[in-house]
Amino acid sequence: MDEVKEQHKVETTALDYDSGSAELVAQKPLGFWGKVNNFLLLDSATEGVYSNHDLDPVPVAEQHWNMKDYALFWISDNLSVSGFRNAASVMEEGLSWKLALLCIALANIVQGVVVTINGMVGAKYHIPFSIQSRASYGYYLSYLMILMRCIVGIFWYGVQCYTGAECVQSMLYALWPSFRNVKNRLPESANITTQLMTAYVIYFLTCLPFHYVGVHRVKWLFMLKSITTPICAFAIMGWMVHQVGVGQTSLFTEGNTVKGSALAWTFVSSLNSNIGSGTTLMVNAPDYSRYARKKSDTFITMFAVPFTATVITVIGVIVAAGSKILYGEILWDPLEVINKWTSSGGRAAAFFCALSFYFSQVGLNIAANSLAAANDLNCIFPRYINIRRGQFIAALLGSWALTPWNILTSASGFLNFMGGYSIWLGPLLGILLSDYYFVHNRKYDIPELYNFNGRYRYMNGFNWRAFLAFFIGWVPLLPGFIPVIQGGSVTSEGISHLYEVGYFYGTGSAMLSYYVLCRFFPQEETYIEQGVWATESVFPDGIMSEEFEVEAGAAMGNMGKV
């Protein structure tokens with residue numbers, strides 16, 4: 001215990017030095033780059049444990065997300081423009097609306113359960129995914145996994161910004177009908193019009209204040225979205241039913257367009273794709289569960305995710321079915337529906353619906369993308385990037401460096417690539433689950449996860465067991481993945497079917513192989529009899545919550561031995 005206190009003294013001294021205290025600066029004048037470094041350096045950066053406040057275990061004062069907050073958080077993720085489109089791709093593959101609905105419901109049940117069980121490590125120890133990953137991958141190999149997920153989050157941030165711009169464009173159509181007639185000044189090669197670029201800039205600028213708000217305070221946005229978006233969604237559906245009635249439309253009366261084994265494989269493939277699309281949220285579940293007051297508050301996720309996804313899908317199907325009668329074409333996008341409301345009262349309704357979808361899109365992009373990327377950047381550069389700065393960096397890179405309008409217009413192969421990224425994130429997730437529940441039996445030494453030379457370092461910061469299990473999870477899926485991103489088809493039926501269950505194979509095989517490797521080749525020093533929580537002697541913010549004071553107190557006997 002004395003050793004730990006002494007370590008804390010050294011860390012505090014390092015913090016004072018890195019922050020540029022007046023006394024030490026006076027001894028050695030700083031040059032230009034030294035001044036730049038001091039300007040960019042976070043006040044909360046701590047050299048001793050290579051961390052900062054946002055990367056540290058969440059202090060007790062910030063552990064105030066309850067069951068209601070988590071319900072609103074996950075409800076807000078599904079209630080969006082994207083939620084309306086859920087059934088479209090599934091029905092285009094040949095499934096009836098009933099099977100499409102069943103497929104989406106099952107996929108979101110799996111997502112809700114996996115998000116909950118992987119989030120337990122955050123709810124228990126109050127650490128983010130990036131710190132969790134060190135226990136299974138080792139310090140340096142974990143950075144590869146973190147970077148992989150960070151890139152995915154940044155790319156999808158840009159893609160979702162494009163949808164957000166469409167929401168702003170609908171608001172401008174409603175406020176100023178003449179905006180529809182604005183002449184396009186951009187060349188065709190730009191792949192975006194003057195109208196949409198104007199809306200894109202407005203959306204980007206108005207999003208920035210939401211990124212400035214701390215993650216533990218942004219929950220009010222999810223509450224707002226969870227109130228307004230359902231109202232608008234049901235209003236659009238009710239209006240459509242009132243206008244045309246939808247009971248006898250062809251969309252409801254048509255059955256499956258594929259039969260026999262093809263139908264079965266189409267269903268399985270669609271189920272796999274819909275589960276895989278939520279892999280980023282499954283992987284980074286601890287980033288949100290770490291703010292929980294108690295573990296049981298996060299259990300609502302198992303019900304909120306599938307329920308809201310199913311409801312919004314039903315609404316989308318009904319609206320699409322009605323649009324076929326009313327407009328002569330199937331409109332899966334609610335923005336396309338409200339853009340047709342051109343009367344005075346219709347434009348007012350369209351504006352408020354578009355505004356609701358705007359908040360929905362902002363909340364979705366924060367929950368699924370910007371916070372995930374920010375937490376990853378925070379771990380990679382903890383002395384300079386916290387969650388707030390990380391969100392701004394993700395926003396700039398995703399919105400402008402990647403030019404999503406070019407991606408969506410011309411890069412079908414890239415979109416297929418992004419749609420299949422679960423072949424990597426699935427194995428990554430499987431190893432995390434296997435390590436926490438089966439290998440280490442839910443017992444982690446939290447201070448040691450912040451110690452680069454501690455028990456979880458493995459060989460040179462590299463756990464070969466996780467590396468091998470990761471390869472076992474994704475390499476066999478590669479022959480089915482490559483032809484898809486190239487726009488071709490897989491020649492071998494067996495390879496095609498394996499890829500169609502890629503999420504199940506990748507996650508399951510990595511989970512099992514990692515467990516077997518650790519069973520036969522254990523890293524003994526990583527196994528502990530009781531979990532060790534972060535305490536004030538190591539992290540000065542007072543991390544330990546009352547729920548675990550008794551067990552953590554019993555575990556403190558192990559701290560003196562570390």
Side-chain angles (χ1 to χ4, degrees), residues 76-89 155-186 188 190-208 210 221 225 228-229 232-233 235-236 277 312 315-316 319-320 323 327 329-342 346-370 395 398-400 402-412 414-415 418:
S76 70
D77 184 62
N78 281 323
L79 295 177
S80 62
V81 174
S82 303
F84 271 82
R85 305 167 179 165
N86 275 343
S89 60
F155 270 106
W156 277 117
Y157 183 93
V159 172
Q160 294 293 347
C161 272
Y162 189 91
T163 302
E166 292 177 319
C167 297
V168 175
Q169 180 177 247
S170 294
M171 284 192 282
L172 295 176
Y173 285 161
L175 287 173
W176 298 288
S178 59
F179 187 73
R180 297 174 184 265
N181 303 320
V182 170
K183 186 176 180 180
N184 181 32
R185 303 290 183 179
L186 298 176
E188 185 178 351
N191 293 321
I192 190 172
T193 64
T194 300
Q195 291 178 347
L196 193 54
M197 178 57 79
T198 302
Y200 192 90
V201 172
I202 294 173
Y203 176 82
F204 173 77
L205 293 177
T206 55
C207 272
L208 296 182
F210 294 100
L221 173 62
K225 173 183 172 182
T228 59
T229 308
C232 290
I236 294 173
S277 66
I312 198 68
I315 295 175
V319 172
S323 67
Y327 303 117
E329 58 179 331
I330 296 178
L331 300 179
W332 288 104
D333 191 333
L335 297 174
E336 293 185 12
V337 175
I338 66 176
N339 285 344
K340 295 182 179 294
W341 299 351
T342 55
R347 287 191 292 108
F351 173 81
F352 286 110
C353 286
L355 179 62
S356 173
F357 288 132
Y358 161 84
F359 283 117
S360 170
Q361 202 62 28
V362 172
L364 170 63
N365 223 0
I366 289 176
N369 300 314
S370 71
S399 300
W400 298 105
L402 299 180
T403 61
W405 50 89
N406 289 319
I407 294 174
L408 291 170
T409 303
S410 59
S412 59
F414 177 79
L415 289 180
M418 295 303 292

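None of these values were measured; they are calculated from a predicted model.
In this structure, CH2 on Trp405 lies 4.0 Å from CE on Met197, to the nearest 0.5 angstrom. From Leu364, atom CG reaches atom CG of Leu79 across 10.5 Å, with rounding to the nearest 0.5 Å. If you take OG1 on Thr228 and CG on Leu355, they are separated by 7.5 Å, rounding to the nearest 0.5 Å.
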What do the steps show when you test Trp341 against Ile236 for side-chain contact (heavy atoms from CB on, under 4.5 Å), and what is the final call?
CA-CA 11 Å; Trp341 299 351; Ile236 294 173; 3.9 Å; yes

For side-chain contact (heavy atoms from CB on, under 4.5 Å), just list the numbers for Ser82 and Gln160, CA-CA rounded to whole Å, side-chain angles, deciding distance to a tenth of an Å, and then say yes or no.
CA-CA 9 Å; Ser82 303; Gln160 294 293 347; 3.9 Å; yes

Show, in sequence, the C-alpha distance, side-chain angles and deciding distance for Tyr162 and Leu196, and conclude whether the side-chain contact (heavy atoms from CB on, under 4.5 Å) test is met.
CA-CA 9 Å; Tyr162 189 91; Leu196 193 54; 3.2 Å; yes

Go through the steps to decide whether Val362 and Tyr203 satisfy the test side-chain contact (heavy atoms from CB on, under 4.5 Å), and finish with yes or no.
CA-CA 9 Å; Val362 172; Tyr203 176 82; 3.9 Å; yes

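In this structure, Trp400 and Tyr200 have perpendicular ring planes: the angle between them is above 60°, well past the 30° mark.
One side chain, Ser170 or Asn339, offers a donor N or O that lies under 3.5 Å from an acceptor on the other.
Put simply, the side chain of Tyr327 does not reach to within 4.5 Å of the side chain of Glu336, judged on heavy atoms. Counting only heavy atoms from C-beta outward, the side chains of Val168 and Tyr358 approach each other to under 4.5 Å. Within the 4.5 Å cutoff, the side chain of Leu331 has heavy atoms near those of the Lys340 side chain. Two residues are said to be in side-chain contact when any heavy atoms from C-beta on lie closer than 4.5 Å; Val182 and Trp176 fail this criterion. Using a 4.5 Å cut-off on side-chain heavy atoms (C-beta onward), Thr342 and Pro177 make no contact. Residues Asn365 and Gln361 have side chains not in contact (no heavy-atom distance under 4.5 Å, counting atoms from C-beta outward). Side-chain contact between Ile202 and Leu172 is present, with heavy atoms from C-beta onward closer than 4.5 Å. Side-chain contact between Ile315 and Phe84 is present, with at least one heavy-atom pair separated by less than 4.5 Å.
Counting only distance, with no hydrogens or angles, the side chain of Gln195 and the backbone of Arg180 share a donor-acceptor pair below 3.5 Å. Remark: the backbone N or O of Arg185 is paired with a side-chain donor or acceptor of Thr194 at under 3.5 angstrom. Distance alone, capped at 3.5 Å, is enough to place a donor-acceptor pair between the Ser323 side chain and the Glu329 backbone.
Dense packing is recorded around CZ of Phe179, with more than 12 heavy atoms of other residues, nucleotides or ligands lying under 6.0 Å away.
Looking at every heavy atom in both residues, Ala395 comes nearest to Phe204 through O-CE1, 3.7 Å. Closest of all the heavy-atom pairs between Asp333 and Arg85 is OD2-NH2, 2.6 Å. Nearest heavy atom pair, residue Ser80 against residue Ile312, reads O-CG1, 4.4 Å. Ser360 and Thr229 get closest at one heavy-atom pair: CB-OG1, 3.6 Å. Looking at every heavy atom in both residues, Ser399 comes nearest to Cys161 through OG-SG, 3.3 Å.
Just one residue in the list Cys232, Cys167, Pro334 forms a side-chain contact (heavy atoms from CB on, under 4.5 Å) with Cys353, and that residue is Cys232.
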